[in-house]
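None of these values were measured; they are calculated from a predicted model.
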Amino acid sequence: MDPREADLPIFTVGVSQSDRETTPRELEECNVVEKQTYGEPIGNYVQDEPVHVVASNRQDHKDSLNRYVQVGDRERGKDHFLNPEDGKLVLLRVQCAENHHRDPSLITTWSGPLERHPVVHAWKAFRESPQRILTWTYSDWLRHRDTSDGLLSQQPEKPYNPQDIYWKYPVACLLLTLTALFGNFDGKTYPGGRYPAVRYKYFSYTKTPRNRFEAADFEQTSKNEESVRLLAGENGDPTANSNHGREPGEPEDGVMDGVLVFRRDLRPRTLCVIRETGDASGSVSVHVEEVDSIEWDRDNPANENGEYVFVSYTRAQFHTYTHDDMSNWDPPVTGDERTVRDFMEAECEADRQRLLEIGIQAARDAGVKAFWIDVYCMRDAELRKMDSHRICDVARGAKCMVIALQDTVRNRALRRPAETVDELLESWSSRLWTLPEMLLAPTRHDLKIYLAGDGVRVCDTIPKRSMAARAYRDRDATLVRQLVDHFEASQQLTLTELLTIGLECLVNRETNPFMPADQVYALMTMVRRRPIPNKDDTLFEAFAKLSLLNDSNSLLERLICILPRRRGEPWHKLEDFWGAKLWDIEPTVQVSAIALDQTIVLDGGFGATIEWGELKKVGFLKRENIWRSLGAFLVRFAPGWLIVAIVLLASFGRASQFGGTNPLVAIGVIFFLIAFAAVAVLPYAMLSLYSGKFWSTQALLFGLEGRADLETLELQLFGFAQGRLRWSAWSSTQSLHHPKPTTNGVKWIDGEFEALEPKDSPLEDAKLIETDPDRVFTIVDTYSMTATLVRAVHPPTAALVCGQEGGMRRVLLCSYDYKTQTFHRETVVRMPTKVLDRMDRVEKFRFSMAGMPLRAA
């Protein structure tokens, strides 16, 4: 442990912070320390279970106020969140909606509400009874009055008798007199009516900071910038110091504009050059020589201009693997697999020779002396690891590109009927690297198709703009055509559109990968600045680096705001549930770094904490008038006046010492008359306080497990249910809406919509992906006065605003993993823009697009 932190306190979750602090020195002096506490408060939350703690030198969490926390063994597998009142790590307790019962077959990693002492529970119920009395008195009457004001419009479940109000009112007067004096009338408020903040701070180094001054090894790398590996890790390019194919003055792989980039080769490392020699008889023999392109450019004769033809093929048709390569494969299982493997052993050299013949013929047809085929021009195994990611640079620099086709290896081995040219072309287009090769090939020449069989012949010539219809018709022809138009300069895509469309085309193509992130490394060939391929990078990390390196118009920031159509879909499935494209989303955060385990660090987001423990009265603001002011005064003091009047009458009601009635009894009578009048109007006075519309409310987010009843929620939150709390119309995957129908002959404004009861049905799970079961939660926003039904695996404890789209804010509902200080996306909702008026910024926070996995308690 850093000696500078020796005086910092270490806290244990479940132990009162004010009662116990453990220093690092005390931890070192004991091996095992067991503590038990009961009912110690932590902010507004209470831990009533014993906590058994095993002391160690490793801390589990550090909060925004630099307090270290060790989580007890019993709570280690439970969900936690950051208490918005003091920033401390707290065990998550989740209340259930009325009549909701948890499925015992599902893993639950959070705790239920605290079991309060019966006396405490009774006292709380007594203090909240005035609002329930008011609801009992007036709710039926309000339901049946004219609803053109947009308040309660649902029909009651039982017939309503208008005469009920005449006997309910005097009963309410009596009950309110007994309870109003101790009633809980004041709602919860925060300064400025703002949402509870997300009190978070990230303390760790990141894997790839946007600004390299924040790197862990900055001091060392500053002395020698060539050793900087901010974007390449420890497995950088072994050819980084090669001058091959580099223009004078162009930097090597290394720091450029503060980052490490992957060098672009202007010339291939090796070329296959056609040599012709004659003998005395006049016959000419042709052979191919593999030469260094730089030496050839320097020494070639004047009639050889150094241009070459690029030959594109697929190993599904030309078997070019060596015997050493095949020796590392898994042994064949079925009879067909053994037949194909034997055929590969026999036909390896023959397929290589056919490729040579195609290369020679294509070079002669193009009027050049050289051609490039990877199997001959990338023989060095060590150099091939990086040069394989520069193949598209070779395609860029060629005079033209040709496509080599022949029947597939499997068809030939099993003696099946040969495929047609179009079928072979589709097989060629299904491979990963053939798409960028085709896109980046020179456009001044059409693509010639060479077919190998009984000799070599040109079977077709296809303009590049027609390749989408010919070779990609059953896959992603529309997307490929947009890319072709972009590279032919007939249509200009933004960099966001280019990377988005390119990723959609490449991510599911077939490949035998050199590295796990080859799909992104194929994509990076289309942009100017490219990260150095790293075998330890995942697909997401490579894409994040690519986005940070280029002026990608906040591509990664837009990506995190997408909600997949299916649960468990990988991040690169760019299909948004609401149908938005990446360029439709305007991000409001910035990715400041790439962290470990496919996470990123975001900055600039607004956030609010979701409260799950219990519902609290919410403060609200109504238009002031004399009647409401008088009502507030009567509600709070009428019972007191009645008590004063009774005391005065009891004190002065006895006869005076001079005989007769004590004249001071008049004071008691006056107070009694005033108190009687106040009590008589007490229900109506309370109604004036809690009914009607709010001008503003305290902004709070509450969460409940299950589907909540809106009337019950409004009663608990605002003291009276009058239909002001509504379901959101289009905030979540469960939201529904329709045009508002005519009611009781009242025609609403043209095009008016109305939110419906949300659906419970879950999103479709992604195929072949095992996902944790989700469940229904209700999220209540007291500022926008809406309730939203969401489906998530964990109860989300933080709402983080990261973008906007379609006039709504994209809000990431996240659970919190205290072990890694990471917010995990549970789902995405859309909230009105006005919520930003009441939210605070969240300091740099670590974020994962993957949901937090369930852990058994």
- Query: Under a 4.5 Å cut-off applied to non-hydrogen side-chain atoms, are Tyr521 and Leu546 in contact?
  - Reply: no

- Message: Are more than 12 heavy atoms, taken from residues, nucleotides or ligands other than Arg465, located less than 6.0 Å from that residue's CZ atom?
- Response: no

- Task: Quick one: closest heavy-atom pair of Trp428 and Thr314, and the distance?
- Result: CA-CG2, 3.9 Å

- Of the non-hydrogen atoms in Phe487 and Thr443, which two are nearest, and what is the gap between them? O-CG2, 4.2 Å

- Between CE on residue Met438 and NZ on residue Lys464, distance to nearest 0.5 Å: 7.0 Å

- Query: Counting distance only, does the side-chain N/O of Arg396 pair as donor-acceptor with the main-chain N or O of Thr525 below 3.5 Å?
  - Reply: yes

- Task: Report yes or no: does Asp292 contribute a side-chain atom to a donor-acceptor pair with the main-chain N or O of Glu295 at less than 3.5 Å?
- Result: yes

- Is the backbone N or O of Ile358 less than 3.5 Å from a side-chain atom of Gln361, with the two atoms forming a donor-acceptor pair by type? no

- Return yes if a side-chain donor-acceptor contact under 3.5 Å exists between Ser312 and Glu437, otherwise no. yes

- Any Glu419 side-chain heavy atom under 4.5 Å of Asn411 side chain: yes

- Query: Has the side chain of Glu214 got a donor or acceptor atom that lies under 3.5 Å from a matching backbone atom of Asn211?
  - Reply: no

- Ionic contact status for Asp422 with Arg470, cut-off 4.0 Å: yes

- Message: Using 0.5 Å steps for rounding, measure from the CG atom of Leu432 to the SG atom of Cys505.
- Response: 11.5 Å

- Message: If you apply the rule side chain to side chain contact (heavy atoms under 4.5 Å, CB included), what do you find for Leu559 with Met849, and how did you get there?
- Response: CA-CA 9 Å; Leu559 179 63; Met849 296 173 66; 4.0 Å; yes

- Task: Check the surroundings of atom CZ in Arg444: do more than 12 heavy atoms from other residues, nucleotides or ligands lie under 6.0 Å from it?
- Result: yes

- Closest non-hydrogen contact found for Leu506 with Met526 is CD1-CE, 4.0 Å

- Task: Give a yes or no on whether the backbone of Arg352 and the side-chain of Tyr376 come within a donor-acceptor separation of less than 3.5 Å.
- Result: yes

- Message: I'd like to check Ile274 versus Phe371 (side-chain heavy atoms, cut-off strictly below 4.5 Å). Are they in contact?
- Response: yes

- Just by modelled atom types, is the Asn550 backbone N or O under 3.5 Å from a matching donor or acceptor in the Arg529 side chain? no

- CG on Asp576 to CG on Leu582, rounded to 0.5 Å: 8.5 Å

- Task: Please lay out, stage by stage, how Thr599 and Arg846 fare under the test side chain to side chain donor-acceptor pair (under 3.5 Å).
- Result: CA-CA 7 Å; Thr599 61; Arg846 187 175 176 182; 2.9 Å; yes

- Task: Using a 4.5 Å cut-off on heavy atoms from C-beta on, say whether the side chain of Gln590 contacts that of Arg210.
- Result: yes

- Distance in Å, Leu355 CG paired with Tyr313 OH, rounded so as to fall on 0.5 Å steps: 6.0 Å

- Item | For His319, ring-ring contact (aromatic ring centres under 6.0 Å, His included) partners two or more places apart | Tyr321

- Any donor-acceptor pair under 3.5 Å from Ser293 side chain to Pro268 backbone: yes

- Message: Can you confirm if the aromatic rings of Phe310 and Trp372 lie within a centre distance of less than 6.0 Å?
- Response: yes

- Query: Do NZ/NE/NH1/NH2 and the carboxylate oxygens of Glu347 and Arg354 come within less than 4.0 Å?
  - Reply: yes

- Task: Mark yes or no for whether Lys399, through its side chain, and Pro442, through its backbone, hold a donor-acceptor pair below 3.5 Å.
- Result: no

- Determine, for Asp537 against Lys545, whether the closest basic-nitrogen to carboxylate-oxygen distance falls under 4.0 angstrom. yes

- Item | Rounded distance [0.5 Å steps], OG in Ser592 versus CD1 in Ile600 | 8.5 Å

- Query: Does the side chain of His486 reach to within under 4.5 Å of the side chain of Gln482, using non-hydrogen atoms?
  - Reply: no

- Message: I'd like to know if the side chain of Arg338 and the backbone of Val333 have a donor-acceptor N/O pair within less than 3.5 Å.
- Response: yes

- Message: Given 3.5 Å as the limit, does a donor-acceptor pair link the side chain of Gln317 with the main chain of Leu424, or not?
- Response: yes

- Tell me, do Leu555 and Glu557 make a side-chain contact under 4.5 Å, heavy atoms counted? no

- Side chains of Asp460 and Tyr450, donor plus acceptor under 3.5 Å: no

- Message: Salt bridge check, Arg481 against Asp485: does any charged N sit closer than 4.0 Å to a carboxylate O?
- Response: yes

- Do Leu499 and Val527 come close enough that some side-chain heavy atom pair is under 4.5 Å? yes

- Would you mind checking if Asp393 and Arg267 are paired as a salt bridge, meaning a charged N to carboxylate O distance below 4.0 Å? no

- Hey, is Lys581 close enough to Asp584 for a salt bridge, meaning N to O under 4.0 Å? no

- Task: Provide the closest heavy-atom pair for Gly306 versus Trp296 in the form atom of the first, atom of the second, distance.
- Result: CA-CZ3, 3.4 Å

- Find the distance between CZ (Arg530) and CG (Leu523) and round it off to the nearest 0.5 Å. 11.5 Å

- Any Phe543 side-chain heavy atom under 4.5 Å of Leu556 side chain: yes

- Query: Which residue, Asp351, Asp342, Asp407, forms the salt bridge (charged side-chain N to carboxylate O under 4.0 Å, His left out) with Arg412?
  - Reply: Asp351

